[in-house]
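Below is one structure, written out as structure tokens; the observations come after it.
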2 protein chains.
Amino acid sequence: MMVIGNEILSGRTRETNAHLVAQKMFARGCRLGEIAIVPDLRDKIVATLNRLRRDFDAVITSGGIGPTHDDITMPCVAEAFGVPLLEHAQTLNLMRQYYGKDELNEGRRRMARLPQGAQPIICAQSIAPGAHIGNVYVLAGVPNIFASQLETILPQFGGRPFIREEIEVRLPESRFAEALRTLQQRFGNVEIGSYPGRCGPNPCGKICLSSQDELALKKAKHAVIAMLQSLMD
Amino acid sequence: MMVIGNEILSGRTRETNAHLVAQKMFARGCRLGEIAIVPDLRDKIVATLNRLRRDFDAVITSGGIGPTHDDITMPCVAEAFGVPLLEHAQTLNLMRQYYGKDELNEGRRRMARLPQGAQPIICAQSIAPGAHIGNVYVLAGVPNIFASQLETILPQFGGRPFIREEIEVRLPESRFAEALRTLQQRFGNVEIGSYPGRCGPNPCGKICLSSQDELALKKAKHAVIAMLQSLMD
């Protein structure tokens, strides 16, 4: 996934769209391979998009498709694919109906431009569409519009859902690190992560297990609990 | 900046450390050029780190320096720099004093290993250090430890602070997009962003201006306000 926006990199805005994608993809059994957050700079967006679409099965982008000067994602996508940016006739028609002819100003017309060959991504929250071209899905940055466009494309992503189990741990990580390493080797198709924390002065972390295999997950969970128990006895 | 951790990409954990860096760097006048969030995969971490340290003046990493099997950042940094990972004598001594000899188990010893030539990054929140090597700063993922280690290194980052001003707008973006584009061209050293939103059925967004030049920022703000006023009259 690629998030485009100076407002994230300057700390003005806390990113939410990538977190939503991460949760939705996990639930649908798709692995999110990278999140790249980049500024509103043409060369950077084009290079990052070309890297991601080469390295991954699909790329979702967020941000930069509005009517203002800092919205440059659509021309960048067109450049990355080496195609022109064209007014999309069907979208323009929809906008004419929505706004009325007089209100279809230059800013709004800009939002009807898609890279040649792209399909519009329609949602209930905005008349301005996202775009689907090749393995790239170009969505809005505004969170409610992003979420709505994401729902439109989600059916195209699917595998065996991941399931997650968490175990609370009141031991410091270093006490169980070696035993947990052994368990990770034993349960190859269960991903085991350890996330330490503190409750006041005492360690209280989480061991997090996730897998697409429910039975393996259950076995691994029992093994981790037994291992922790043996350390506390 | 590079954030390492499957927990972010699976949607389990919402990222906070990069947001903190973004805010701190903005206030110190440094531009954050990219945030890359990557999984706990050796090849991916090494390749991403090498890309970022080549492309940017400095790289901060977050996560993966604890004692468990999913903590692989330090060996990856060593690999990226082509140096061995060695027990750091001074850190090991500090750990011996802190834990006592008997409690210095394998997991804890792992946290005393730094890439050859790296300096430890010490903070008040953890005996296990981060590492500084070349233009790379390797920090913990646990937010309170990350924040504390970040404070340790922040004095090494500094320029003329950025200042930000925001203007509330009750017009749809497309109404002022062209005028704002002209103003962005006029005020080259002020970054102008437009972030639309809704208050119920009505548009209410923000125009956000930031600059290292206080006077230019003030002038640009007045020009934007005058432009908006002229559109509403």
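Residue numbering restarts at 1 for every chain, and letters A, B, ... go by the order of the sequence lines. Bear in mind the structure is a predicted one, so any value in this text is a computation, not a measurement.
Between chain A and the options B/Asp70, B/Thr16, B/Ile35, heavy-atom pairs under 4.5 Å are most frequent for B/Ile35. For the set B/Glu173, B/Met2, B/Glu106, the entry with the most heavy-atom pairs within less than 4.5 Å of chain A is B/Glu173. Taking chain A as the reference chain and counting heavy-atom pairs below 4.5 Å, the highest number among B/Met111, B/Arg110, B/Glu15 is found for B/Arg110. Between chain A and the residues B/Arg14, B/Arg181, B/Met1, the most heavy-atom pairs under 4.5 angstrom are made by B/Arg14. Top candidate by heavy-atom pairs under 4.5 Å with chain B, chosen from A/Pro196, A/Ser10, A/Gly107, is A/Ser10. Here A/Pro67 is the residue among A/Gly141, A/Ala177, A/Pro67, A/Cys30 with the most heavy-atom pairs under 4.5 Å with chain B. Counting heavy-atom pairs under 4.5 Å between each of B/Ala27, B/Gly5, B/Ala36, B/Ala22 and chain A puts B/Ala22 at the top. Contact tally against chain A (heavy-atom pairs below 4.5 Å) for B/Thr68, B/Leu32, B/Leu41: the top residue is B/Thr68.
Heavy atoms only, all atoms of each residue included: B/His69 and A/Ile192 are closest at NE2-O, 2.8 Å. Taking every heavy atom of both residues into account, A/Leu9 and B/Gly33 meet most closely at CD1-O, 4.0 Å.
For B/Gln184, the part sitting under 4.5 Å from any heavy atom of chain A is the side chain, from C-beta outward, and nothing else. Contact of A/Glu178 with chain B is made through the side chain alone, with heavy-atom distances under 4.5 Å. Looking at A/Pro143, neither its backbone nor its side chain comes within 4.5 Å of chain B, counting heavy atoms on both sides. Looking at A/Lys24, there are no atoms closer than 4.5 Å to chain B (heavy atoms on both sides), in backbone or side chain. Contacts between A/Glu166 and chain B at a heavy-atom distance below 4.5 Å involve the side chain alone, from C-beta outward. Using a 4.5 Å cut-off between heavy atoms, B/Arg108 touches chain A through backbone and side chain atoms alike. A/Phe162 does not touch chain B: none of its heavy atoms, backbone or side chain, sits under 4.5 Å away.
Residues from residues 48-64 of chain B that place a non-hydrogen atom less than 4.5 Å from a non-hydrogen atom of chain A comprise B/Arg51, B/Phe56, given in numerical order. The contact list for residues 202-214 of chain B toward chain A, using heavy atoms and a distance under 4.5 Å, reads B/Lys206, B/Cys208 by residue number.
Taking 4.5 Å as the limit, some side-chain heavy atom of B/Glu34 sits within range of a side-chain heavy atom of A/Lys44.
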*Apply side chain to side chain contact (heavy atoms under 4.5 Å, CB included) to B/Arg12 and A/Arg164, showing your working.*
CA-CA 9 Å; B/Arg12 178 192 177 271; A/Arg164 182 188 289 130; 3.6 Å; yes

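For the pair A/Asn6 (side chain) and B/Gly193 (backbone), a donor-acceptor distance under 3.5 Å is absent.
A 6.0 Å sphere centred on CG of A/Asn189 holds more than 12 heavy atoms belonging to other residues, nucleotides or ligands.
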